Each structure stands twice: as C-alpha cells, then as structure tokens.
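Here is the structure we will look at.
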Amino acid sequence: MRREELESLKEEIFRLKEEKNAIILAHNYQREEVQDIADFIGDSLELSRTAATKPCDVIVFCGVHFMAESASILSPQKTVLLPEIDATCPMADMIEVRSTRKVWKTFPGYDTQPSFVFPHEYTLMDMKNQYPEAPVVSYVNTTADVKAESYICCTSANVVQVIESLDVDTVICVPDRNLSMWAQKHTKKKIITWDGFCHVHDRITIKDVIKARSLHPNALFMAHPECRIEVLEAADHVTSTSGMLRYAKASSAKEFIVGTETGLIHRLKKENPDKVFYPLRKDMICPNMKKTTLKSVLNALKKMEFVIKVPEQIRVPAKEALDRMLKIK
Ligand code: 13P
Ligand code: SF4
C-alpha cells in the first residue's frame, strides 16, 4: 500500500472512530499496522477488561471471535464489532457443549494437515457427566457457550492460581491439553483435560528449541504455555503474551527467543528498542489473527459490522465464570 493511501485510510478510521464514539482494541498477535492504530493492545482478557471500563459506545475488537464474545459478555450495553467474521480460533472451536454429530470435524483452510482434524466424539457435557463433582475450568480461549457451562475461567497467566483456588481434588480443564499439562506440573489436584491444542504453538518441537538456542546462545527463551510440555520444560520463562512483555522489560538480558505468535515481536521491539528478539520459528503465525487489516477495520466502522452479541441466557452464566476468575486476579 502506498504511503498516501495508508495515511488516508488511517485518517478515515480516526474520523469514524470519533463520530461513533468507538475504541479500537487489538490483540498482541495482530498485524503491525493494526496494532499501531489501536487505542489498547494486550491479551484477550486485558482487552475485555479495558473495554468494560471505557466510556464508549462501540468496541472494534481486532482479534478472534471468542475475544469479541468476551467483550460482549462483560459490556452488554456496548456494540462489539469483529471486523473479520471468519476470524475464529481453531482451538476454541475444538470443543462443543453438546453435539448430536459424532463426526470428524475439519477446520476450513486447515483440512489438508492431519493435525487439524479432531474427533468430536465427546462433548463438554459428556465430560461433566463422567466427572459430576469436578468443576469446569475453561481457558478464555473458548466460546461463550463453553464459558456458560463452566464454573470458572482462566488465562494462560493465572491457570494454576485458579485451579488452586478451588476447594476440590479434581477439576476439568478445557480445551488446551498443553495448558492443562503445564498446570498439572504445578498443582497436586487431578486435572481431567480435553485434547485440544493451538496449532501455532503445538507444532513447535524440542528440535526447534535446540536449533534456536544454538543460533542465539546468549538469548533467554520465553515460551507460551500453549506449547508442548517438553518445549516448556526447556524454557527460561513460561508465561502469557503480556507476561513476556513484562519479563523482557524487567530482564537485564539483551536477547530473547520468543516462543509464541510472531505478532508479539512488534510490541516487544517497540517497548525495548535496545534489545533483540528472535522468533522461535518464523512460521509461528496465526492465520486467523492476521485476517484483520486496516481496510477491514474501516469497513467495520463504516458499516457497523460484524456485531457480536452474546444472548442473555448464555451471557449471564458465562459472565459468572469470568467474574469468578476476575475476583482471583
Ligand atoms: P494470551 O495473549 O492471553 O497469552 O493468549 C494467547 C493466545 O493464543 C490468544 O489467542
Ligand atoms: Fe487460537 Fe492459537 Fe490463533 Fe490464539 S494463536 S487465536 S489460540 S489458533
């Protein structure tokens, strides 16, 4: 895009933002140019919390579907817009509350790769029926339907605290098997997990870590808990995207290997101009997070689409699960 074209696009976005009394929120994995026009950048929970406290009428959520849903759950009186309606999270979509279809589910755009085909022979209700005493802890990367059937939510940053806060011996933790395994290492409670995963993080192997460490021997390695357990065990620090931002800033080290979606590197570099950041693997890119462009943000504000509104019968119990977590941290 030419410089003048880019500038006029931004001007139009800012003009419409004022006119509609909107704020633009962008997840840490968004495209650089989208992050640069956002009012707030952060992880999904930080963004939803921010949205709930800001006096605006419209929230343009540059992220994926479950994030816009969380914003709608916490701010029902505001209009929440997701600029790209197909921006979904394959991991969030791996678990359903109930299903009459005992079929193999494929994810559009990914069905050529076997790891993206997941058997949906079970549902969350099957798990709940099998372990009726175990409360459901759902990662924020879940649909509103799943949150509504959960006792409490968690994030990658507070999963252990959330599990420890519950006065039970066994919990159901969905949908990420890697996050569950990471939590299991840090709690004596029994965790029943779903077999879901994030394709961006789960594809990383220990070989990738060994290679990156040999290329950058002075760098500290930060990993997101959506990575496999052997990758996490080889990390210097395991944390959420916002945790990585805090860790890199506070550390006296000058070089870091970043074990998460490469979009975070834009902010890491901006906030730490004297430090160097290497992606663990250059292809750690979430296609859904990259769907949103400046043009789609402009379109969202112009046409007021796509509105994400969680129905009250789902929103109220989903909010209870989110609120229980928010009380903890
Ligand atoms: P956090 O930004 O909460 O660490 O989440 C990572 C992620 O995968 C969001 O989709
Ligand atoms: Fe979902 Fe992974 Fe993409 Fe996050 S990075 S939106 S968890 S697929």
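Please read these numbers as outputs of a predicted model, since none were measured by experiment. Ligands are counted one by one from 1 in listed order, and the atoms in each one are counted from 1 as well.
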| query | By number and element, which atoms of ligand 1 are closer than 4.0 Å to a non-hydrogen atom of N141? | reply | 7 (C), 8 (O), 9 (C), 10 (O)

| task | Answer yes or no for R213 and F221: cation-pi contact, defined as NZ/CZ to six-membered ring centre under 6.0 Å and angle to ring axis within 45°. | result | no

| message | Check this for me, if you would: do K185 and E233 make a salt bridge, where the nitrogen-to-carboxylate-oxygen distance has to be below 4.0 angstrom? | response | yes

| said: With heavy-atom distances below 4.0 Å as the criterion, list the atoms of ligand 2 near P90. | reply: 8 (S)

| Top protein contact for atom 1 (P) of ligand 1, by heavy-atom distance | T241 OG1, 3.5 Å

| task | Check each atom of ligand 2 against the heavy atoms of C286 and keep those under 4.0 Å away; list them by number with element. | result | 3 (Fe), 5 (S), 6 (S), 8 (S)

| Do Q30 side-chain atoms and I41 backbone N/O form a donor-acceptor pair below 3.5 Å? | no

| query | If you count the atoms of ligand 1 from 1 in the order shown, which ones are under 4.0 Å from a heavy atom of H224? | reply | 1 (P), 4 (O), 5 (O), 6 (C)

| said: Can you confirm whether K270 is buried at NZ, in the sense that more than 12 heavy atoms of other residues, nucleotides or ligands lie under 6.0 Å from that atom? | reply: yes

| said: Measuring from atom CZ of R203 to atom CZ of F197, what distance do you get when rounded to the nearest 0.5 angstrom? | reply: 10.5 Å

| Does E226 reach ligand 2, in the sense of a heavy atom lying below 4.0 Å from it? | yes

| task | Please could you name the atoms of ligand 1 that S156 approaches to less than 4.0 Å, counting only its heavy atoms? | result | 3 (O), 4 (O)

| task | Establish whether M325 and V310 are linked, either directly or via other cluster members, by ILVMFWY side-chain heavy-atom contacts under 4.5 Å. | result | yes

| request: Supply the atom-to-atom distance L81 CG to K309 NZ, rounded to the nearest 0.5 angstrom. | output: 12.0 Å

| query | Mind checking whether Y29 has a heavy atom under 4.0 Å from ligand 2? | reply | yes

| field | Part of V64 with heavy atoms under 4.0 Å of ligand 1, whether side chain, backbone, both or neither | value | neither

| remark: Under 4.0 Å from one or more heavy atoms of S240, ligand 1 contributes atoms 4 (O)

| said: With a 3.5 Å distance limit and no angle check, can you tell me whether S75 reaches the backbone of S72 through a side-chain donor-acceptor pair? | reply: no

| task | Using a cut-off of 6.0 Å, state whether more than 12 heavy atoms not belonging to D167 lie near its atom CG. | result | no

| request: Give the numbers and elements of all ligand 2 atoms closer than 4.0 Å to a heavy atom of N141. | output: 7 (S)

| How close does the nearest protein non-hydrogen atom get to atom 1 (Fe) of ligand 2, and which residue and atom is it? | C89 SG, 2.3 Å

| said: With a cut-off of 2.8 Å, does C198 put an N/O/S atom close enough to atom 3 (Fe) of ligand 2? | reply: no

| field | Per-atom contacts of ligand 1 with D43, taking only distances under 4.0 Å to non-hydrogen atoms | value | 1 (P), 2 (O), 3 (O)

| said: Using heavy-atom distances only, which candidate in M67, E226, H27 approaches atom 8 (O) of ligand 1 most closely? | reply: E226

| remark: For atom 7 (C) of ligand 1, the closest protein heavy atom turns out to be Y29 CE1, 3.4 Å

| request: For Q313, look at atom CD and say whether over 12 heavy atoms of other residues, nucleotides or ligands are found less than 6.0 Å away. | output: yes

